[in-house]
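Before any comments, here is the structure.
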Amino acid sequence: MSEVQEAMARTEIGEERQNALQLAQLQFEAAADHLGLSESLRSIMRSFARVIEVAVSVRRDSGQIETFQGYRVQHSDARGPFKGGIRYHPYVTIDTVKALAMWMTWKCALVNIPFGGAKGGVVCDPSQMSQSEIERITRRYTSMIQPNIGPDRDIPAPDVNTNAQVMSWILDTYSENIGHRALGCVTGKPVALGGTLGREGATSQGLSDIITLAVKHLKMDLKDLRIVIQGFGNVGSNLAVICHRLGCRVIGVSDVYGAIVNREGLDVPALMRHVAEAGRVCGFPGAEEIERDDLLEIECEVLAPCALGGAINRMNAERINTRILVEGANGPTTTVGDAILREKGVFVLPDILANAGGVTVSYFEWVQGLQSFFWTEAEVNDRLRTIMEAAFSETVQTAAKGKLSLRTAAHVIGVRRVADALMRLGLYP
Ligand code: GLU
């Protein structure tokens, strides 16, 4: 049986968008198999320490009360407080949040920062809500999960459709409820409220560090790179800016509304101005509009999925035409998609490595907030690069030694660190 057939047998054949939790579990089991982990340890690690489900009732601007489903999933705190973002999206499900929480655990362990893993989400569509409605959802949700979060307990951060403004409301709500300002209760805050310089662009900065390392590893040249970016939110747009500054050609980008391409290279600063005005990438002069799904099939050296999970799957992986895949999103490649890419020889830089810059700078922000002592942006970016370099070279070495994909190697490192912590902690009672 080929690897692709095996992957198909392990997942539901015919399913385009694999359940994220199944994807995360299969990735974990592959690493656990390689490490020869006992069933006792696995039973702890594949479970979720705490799963919180809340009904977030808020008053809409119309006066009507509406109730949204909210979740906070805490996967593991074996290595430190739970840590992970909060997303607002209509597609949020308990299984997605669980998968994302588990990935946070391995990600924090891989970059060796003293956090566990968690994730939160509210099932809602922020594009259909006013700022004050989003504020009320945020404050109500924060209050409801408040007993289980805090600087030493569980520290939220931005994720899909949440940003520094949402983090400010979390900070304010949490702080008002305990009677004093607690800078360490959330990361991704604005700098004016005790956030850190460099957090906004941190995920993209980390991605560009990883791209630079991979290019060197593959003996390619940054200047020759054609980059395609799926998703033009915080991660995708900042990645475009950084890559353009590095002298690479960003030739295609997409957002929820559509995709544009210019094989000579997009004028990224002009594109940013266009998006600030138009609210979308389409309509940008000097680029051709294409079908959104065709973007992933453009011939390029680097493809960066920076949107939602499951983007690269059994339906399209065969037609992906890149040398390097760098996962800005969490879980953008399904099990079958991954096997197809491996067969094609694509150099896949997995999410828990590639996009770890965000949580790494969250860690810096948390440390600075607890000390009320703040660093320069250069200090932040230098320390980030050191961490990304260490994680990249460890992953490459582990892959070579064990004849593993970079994804399984990254998981092996993360899972091993968490297993070590669990064994040293012992079991209470
Ligand atoms: N949401 C980001 C991630 O998936 C950042 C999480 C954080 O900073 O805690 O890694």
Side-chain angles (χ1 to χ4, degrees), residues 20 23-24 71-77 79-89 92 96-122 145 149-164 166-167 170-171 183-190 195-196 198-207 209-210 231 233-236 238-239 304-309 326-332 349-369 380 384 387-388 391 410 414:
L23 172 62
Y71 304 104
R72 183 73 183 169
V73 173
Q74 299 174 333
H75 173 244
S76 166
D77 64 350
R79 289 176 36 89
F82 298 106
K83 183 84 189 85
I86 291 171
R87 65 170 58 181
Y88 291 169
H89 200 280
V92 164
T96 333
V97 182
K98 281 182 168 175
L100 291 160
M102 183 183 270
W103 285 323
M104 286 309 301
T105 303
W106 317 140
K107 191 188 302 189
C108 293
L110 171 64
V111 289
N112 217 351
I113 57 178
F115 287 137
K119 204 75 163 203
V122 178
I145 62 167
I149 61 171
D152 308 309
R153 221 170 256 187
D154 180 358
I155 306 124
D159 197 77
V160 176
N161 289 335
T162 56
N163 54 22
V166 172
M167 300 309 117
I170 295 177
L171 172 74
L183 281 189
C185 77
V186 65
T187 61
K189 304 180 290 292
T196 181
R199 176 62 186 87
E200 190 95 12
T203 307
S204 319
Q205 193 62 50
L207 283 168
D209 290 340
I210 289 292
N234 178 42
V235 177
N238 279 305
L239 180 63
C306 299
L308 292 178
V326 60
E327 297 182 338
N330 290 309
L349 296 155
D351 45 9
I352 60 168
L353 169 67
N355 71 32
V359 73
T360 301
V361 176
S362 274
Y363 165 57
F364 297 161
E365 177 176 337
W366 181 73
V367 167
Q368 293 170 75
V380 169
L384 171 62
I387 287 183
M388 297 308 286

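Sequence positions, counted from 1, serve as the residue numbers for this chain. One-based numbering, in listed order, for ligands and for the atoms of each.
Using a 4.5 Å heavy-atom cutoff, the side chains of C306 and L239 are in contact. Side-chain contact between R87 and L100: present, with at least one pair of heavy atoms (C-beta onward) separated by less than 4.5 Å.
If you look at P156 next to ligand 1, there are no close heavy atoms at all, none under 4.0 Å. When heavy-atom distances to ligand 1 are checked against a 4.0 Å cut-off, R199 comes that close only through its side chain, counted from C-beta outward. Only the side chain of N330 comes within contact range of ligand 1, with a heavy atom under 4.0 Å; no backbone atom does.
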Next item on the list: Could you walk me through whether S362 and I155 pass the side chain to side chain contact (heavy atoms under 4.5 Å, CB included) test, one step at a time?
Entry: CA-CA 9 Å; S362 274; I155 306 124; over 6 Å; no
Check: side chain to side chain contact (heavy atoms under 4.5 Å, CB included) between R72 and I86: does it pass, once the steps are laid out?
Finding: CA-CA 8 Å; R72 183 73 183 169; I86 291 171; 3.6 Å; yes
Next item on the list: For K83 and T187, run side chain to side chain donor-acceptor pair (under 3.5 Å): C-alpha distance rounded to whole Å, both residues' side-chain angles, the deciding distance at 0.1 Å, then the answer.
Entry: CA-CA 10 Å; K83 183 84 189 85; T187 61; 2.9 Å; yes
Check: After noting the C-alpha distance and the side-chain angles of E327 and N355, does the key distance pass the side chain to side chain contact (heavy atoms under 4.5 Å, CB included) rule?
Finding: CA-CA 7 Å; E327 297 182 338; N355 71 32; 5.6 Å; no
Note to self: Does H89 form a side chain to side chain contact (heavy atoms under 4.5 Å, CB included) with L308? I'd like the steps, not just the answer.
What the structure shows: CA-CA 10 Å; H89 200 280; L308 292 178; 3.6 Å; yes
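Among all protein heavy atoms, the one lying closest to atom 8 (O) of ligand 1 is S362 OG, 2.6 Å. Here the protein heavy atom with the shortest distance to atom 9 (O) of ligand 1 is K83 NZ, 2.8 Å. Of the protein's non-hydrogen atoms, A157 CB, 3.3 Å is the one closest to atom 7 (C) of ligand 1. Counting protein heavy atoms only, atom 1 (N) of ligand 1 is closest to D159 OD1, 2.8 Å. Regarding atom 10 (O) of ligand 1, its nearest protein heavy-atom neighbour is K107 NZ, 2.7 Å.
Residue N355 has no nitrogen or oxygen atom sitting less than 3.5 Å from a nitrogen or oxygen atom of ligand 1, judged on distance alone.
Distances from atom 2 (C) of ligand 1 to the heavy atoms of G358, P158, G84 show the closest one on P158.
Residue V359 approaches ligand 1 through these ligand atoms, each under 4.0 Å from one of its heavy atoms: 7 (C), 8 (O), 9 (O). Heavy-atom proximity to M104, at under 4.0 Å, picks out these atoms of ligand 1: 3 (C), 4 (O), 6 (C), 10 (O). Applying the 4.0 Å criterion to heavy atoms of K119 picks out, from ligand 1, the atoms 1 (N), 3 (C), 4 (O). The contact set between ligand 1 and G85, taken as ligand atoms under 4.0 Å from a residue heavy atom, comprises 6 (C).
The one candidate from T360, N330, D351 that meets the side-chain hydrogen bond (donor to acceptor under 3.5 Å, both in side chains) condition with K107 is N330. The side-chain contact (heavy atoms from CB on, under 4.5 Å) with C108 is formed by just one residue from the set W103, F115, F82; it is F115.
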